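The structure appears right after this line, and notes come after that.
Computed over heavy atoms, backbone and side chain alike; hydrogens, waters and symmetry mates excluded. Being a predicted model, the structure only gives us computed values, none of them experimental.
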Amino acid sequence: MTPTERPDRNLAIELVRTTEAAALAAARWQGRGAKEEGDQAAVDAMRQVLATVDMDGTVIIGEGEKDEAPMLYNGESVGTGSPPKVDIAVDPVDGTRLLAEGRPGSLAVLAAAPGGAMFDPGPMVYMEKIVVGPDAVDAIDLDATIGQNLEMVAKAKRRQVRDLTVMMLDRDRHEDAKREIRDAGARLQLITDGDVAAAILAAWDERPAVDMLYGIGGTPEGVTAACAVKALGGRIIGRIWPRNDEERQAAVDAGYDLEQVLDTDDLVTSDDCFFACTGITPGQLLAGVTFDGHGAVTESLVMRGKSGTIRVIKARHRLEKLREYASINY
């Protein structure tokens, strides 16, 4: 990649328009019990705004293969086609069930990095992962027990294990991990969905409510979160977790090393990465979309890995003006 092709401007400032649009469109479906409709509204809005961003983008982390369109699919070209070449990870609704049931914590999410910088998970849906903030980057090890990791994190933070809070997806596969965390004396916060938000909460030292994310969650979400973790100065480590023999064989055939521990720099090789997310339903990380007589208000996070700059953006949207030129159903 030549220097002129590098994303030498803060793309996240432009990309947050896409997450705002997705959140505004999806928020109309809050609590209506319609996962697919809410997700589709977010996809349509995100795709329309992405097309206006000056970049030559390729979706590396999307919502499936091309035959599943009109979702934003893996390999889809986005942007105007002008430099720089950019890898894109999208999740128009991280937490579709949260949105459909009107529960807290759903987000519209987008991450970007220079072309070729993002780890391609291929057929591997899940990975075991740990995320921590800046003060514990050297205190985690996937080959250690959960209890040992908690002791190391507590020492790094100059606290006791009982002071720590671990966030984890509430899944049957985590029963042993739940028991080990509780036996160690740490506090446990279980979530039903949304481990991108959980990773940010664990890595962001300005939000000290969560000290560590642990669990087996989505590989695509791990790659996406890595862009945010870089900006926050934290660390994510993960290892591919096949669900069955068929998936294990598919990974081996595709050349994946199932024993390799993937570090932050393996998931996203460049520091010149970007992350943007906008709250859809209110949660621990961000406020959700609110509608009033003047339009709508959104709250977003915008991050750049290269500078470590974190912006929280609260935006007022005049929907009657947006409707004059946008085909999105705001």
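Residues passing the side-chain hydrogen bond (donor to acceptor under 3.5 Å, both in side chains) test with Asp176 are Arg179, sequence neighbours excluded. With sequence neighbours left out, the side-chain hydrogen bond (donor to acceptor under 3.5 Å, both in side chains) criterion links Gln260 to no other residue. Contacts of Arg158 classified as side-chain hydrogen bond (donor to acceptor under 3.5 Å, both in side chains), with partners at least two apart in sequence or in another chain: none. In this structure Asp183 satisfies the side-chain hydrogen bond (donor to acceptor under 3.5 Å, both in side chains) test with no other residue, sequence neighbours excluded. Not counting sequence neighbours, the partners of Arg187 by the side chain to side chain contact (heavy atoms under 4.5 Å, CB included) test are Thr165.
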Show the numbers, then the answer: is there a side chain to side chain donor-acceptor pair (under 3.5 Å) between Thr278 and Thr298? CA-CA 7 Å; Thr278 302; Thr298 57; 5.7 Å; no
After noting the C-alpha distance and the side-chain angles of Thr96 and Asp39, does the key distance pass the side chain to side chain donor-acceptor pair (under 3.5 Å) rule? CA-CA 7 Å; Thr96 52; Asp39 196 30; over 6 Å; no
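For the 3.5 Å distance criterion, the side chains of Arg311 and Ser300 fail to qualify, holding no donor opposite an acceptor. Judged purely by distance below 3.5 Å, without hydrogens or angles, the side chains of Gln189 and Gln284 pair a donor atom with an acceptor atom.
Comment: Arg32 does not engage Glu37 in a salt bridge, judged by the lack of any side-chain N to carboxylate O separation of less than 4.0 angstrom. Taking a cutoff of 4.0 Å between a charged side-chain nitrogen and a carboxylate oxygen, Asp271 and Lys306 do not qualify as a salt bridge. Salt bridge present: Asp265 and Lys230 bring a charged side-chain N and a carboxylate O closer than 4.0 Å.
Here the straight-line distance linking atom CZ of Arg235 with atom CG of Asp138 works out to 6.5 Å at 0.5 Å rounding.
When atom types are taken as modelled, the side chain of Arg103 and the backbone of Gly31 share no donor-acceptor pair closer than 3.5 angstrom.
Between Tyr214 and His174, the ring-plane angle classifies as tilted under the 30° and 60° cut-offs.
For residues 246-255, the salt bridge (charged side-chain N to carboxylate O under 4.0 Å, His left out) pairs, not counting sequence neighbours, are Arg243-Glu247.
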